[in-house]
Amino acid sequence: MSSEQRTWGGRFEAPMHELTRDYTAGMDRDLWEFDIAGSIAHARMLGRQGIIPAGDADAIVAGLEQLRERFRAGQVPWQPELEDIHTHIEANLHALIGEPAGRLHTARSRNDQVALVNRMAVRALCDDAVAGLRELLTVICDLAERHAADPMPGYTHVQRAQPITLGHHLLAYGEMLLRDRDRFLDARRRVNVMPLGSGALAGAPYPLDREFVARELGFEAISRNSIDATADRDFVAEFCFAAAMTGVHLSRLAEEIILWASSEYAFVRLPDAFATGSSIMPQKKNADVAELARGRAGRLIAELVAILTSLKGLPLAYNRDLQEDKTAYLAAGNTLIPSLRIFAAMLPALEFNLERMREAAGQGYALATDIADYLVRKGMPFRQAHAVVGGLVRLAESRRCELNELPFEAYREASPLFEPDVLEITVDSSIASRDVPGGTAPNRVREAVVALRREFAAR
Ligand code: ARG
């Protein structure tokens, strides 16, 4: 393409090197829907305000609607010499309706145009993420309710610590993902500001009705500063952070599924539909879905770091570095949303080995804290009780037995406060005793499920 055919070709004499053409091309071809919607609203406003002839505005709108159908049908080829999606749409509109197309870019710069498209795209991605999280939270609440009283070992330092319920453990992820959902909703509020009318950076010398454009496109507000509106991408960074945080949460859950599916834990059997095999080892069934979700969390973090690094040190206002914003948020959305979907499908299909989890919950002196609490209830200061039970653990370890396999005499010797009912401390009694708001007692878990469901239905 010669320089005159470019939207900005007028002041150029020599043609562009094809390496420059390819190097500067936008990664934005999937954003046509947003750009067309934005242009339709802009053209309508220009017509209503008498900035361009009403007939031209109508022709532009009709042409853009026709072009939208062509994009939907995959009939608009990508021409690298046209640089980005904005110029593609303008050039195609020109081919379609001729002369009036030349008035569409009145009172507009690609700098505010791309800010608009970005905000519409990130807003849609926030909505997708919220929907994906809602689906996953529904699944987690259902599972937590079903397993509200099923014991498993709770861990700290990957050492068995205290018995908990599977429902309580799953709800921990429910709480994290609910906050993630809130982060997307929160980010969406700041995304939902309409930048068009900012021009290249200074505003536009026409009597624009920016509020009209905002209403047409479903924006809550219009931007207050044209430089900020064209130069900042903090909303992209916020989206990328929310995505990275969600990815990190999913990754921790993924890691646990991987561990639990190992023969060392044997807490879950992977459903065939969500596992893969080995090309050499016939016996293998691998948790590749979880491993990929764990791996992709790394990429989500990378997108956040990429956008922050691009912004750092950029002078105001627009610089071409900002074109890289799309790579970050599109990759983040395309990485996160499928992970949310597949987790919502996979979790209900996991087969928990509840018997094995229950058995493991009582092993490894997991009831030691409960025995110390027993002494506290008999009047002993906790620190002293801790030491007494520590001695019993040492004794049990030397006899290679569990605490409840020690004879009652051993308890009596350790403290006269022990009565035979100390041997009635079980995994179930331990769990039931943690009956505080936020605790693992089954009725508290059921309560928490209700509260969580209420929370995510509320917004
Ligand atoms: N494609 C660019 C972007 O995505 C918008 C074009 C602005 N170009 C310019 N030279 N000011 O950010």
Side-chain angles (χ1 to χ4, degrees), residues 1 3-39 42 71 76 78-94 101 104-125 191 193-204 223 225-237 239-240 303 306-334:
M1 166 173 273
S3 44
E4 313 77 67
Q5 284 170 274
R6 295 181 175 279
T7 50
W8 41 258
R11 60 105 65 228
F12 284 74
E13 215 174 303
M16 182 184 266
H17 197 292
E18 61 180 34
L19 288 175
T20 308
R21 179 198 71 194
D22 294 345
Y23 195 72
T24 56
M27 302 292 286
D28 53 1
R29 65 180 80 176
D30 295 335
L31 301 175
W32 52 269
E33 188 128 35
F34 302 116
D35 197 60
I36 290 177
S39 288
H42 181 64
F71 268 102
V76 186
W78 184 256
Q79 298 166 265
E81 68 277 14
L82 288 179
E83 201 173 311
D84 61 24
I85 192 64
H86 320 294
T87 45
H88 264 79
I89 286 169
E90 203 180 309
N92 276 281
L93 182 68
H94 196 271
L104 171 60
H105 212 54
T106 311
R108 191 174 74 171
S109 156
R110 270 187 301 164
N111 296 352
D112 58 350
Q113 189 179 357
V114 72
L116 176 71
V117 167
N118 282 333
R119 285 177 179 272
M120 292 174 79
V122 173
R123 184 174 66 178
L125 288 173
V191 169
V193 174
M194 209 289 296
L196 215 60
S198 302
L201 78 163
S223 55
N225 182 297
S226 57
I227 300 173
D228 169 48
T230 49
D232 204 5
R233 295 292 185 269
D234 56 354
F235 65 95
V236 173
F239 172 77
C240 289
E303 299 309 338
I307 186 66
L308 289 174
T309 312
S310 295
L311 290 175
K312 176 187 172 300
L314 271 195
L316 299 178
Y318 181 88
N319 298 269
R320 194 62 178 269
D321 317 42
L322 292 175
Q323 179 166 290
E324 297 298 299
D325 59 359
K326 282 166 282 295
T327 321
Y329 70 72
L330 290 174
N334 291 335

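In this text the structure is predicted, and so the values were computed from the model without any measurement. Counting convention: from 1, in listed order, for ligands and their atoms alike.
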Distances only, to 0.1 Å: what are the N or O pairs between ligand 1 and the protein that fall under 3.5 Å?
{"from": "ligand 1", "atom 1": "1 (N)", "to": "D84", "atom 2": "OD2", "distance (Å)": "2.8"}
{"from": "ligand 1", "atom 1": "1 (N)", "to": "Q323", "atom 2": "OE1", "distance (Å)": "2.8"}
{"from": "ligand 1", "atom 1": "4 (O)", "to": "K326", "atom 2": "NZ", "distance (Å)": "2.6"}
{"from": "ligand 1", "atom 1": "11 (N)", "to": "N111", "atom 2": "OD1", "distance (Å)": "2.9"}
{"from": "ligand 1", "atom 1": "12 (O)", "to": "Y318", "atom 2": "OH", "distance (Å)": "2.5"}

Is it true that a side-chain atom of S198 and a backbone atom of A229 form a donor plus acceptor pair closer than 3.5 Å?
no

Straight-line distance of E303 CD to D325 CG, nearest 0.5 Å:
11.5 Å

Please round to the nearest 0.5 Å and tell me the distance separating atom CD1 of I36 and atom CG of N92.
9.0 Å

According to ring pair (Phe, Tyr, Trp, His ring centres under 6.0 Å), who are the partners of F71, at least two apart in sequence or on a separate chain?
W32

Partners meeting side chain to side chain donor-acceptor pair (under 3.5 Å) with H88 (sequence neighbours left out)
none

Which pairs pass salt bridge (charged side-chain N to carboxylate O under 4.0 Å, His left out) with one or both residues in residues 108-124, sequence neighbours excluded?
E83-R110, D84-R110

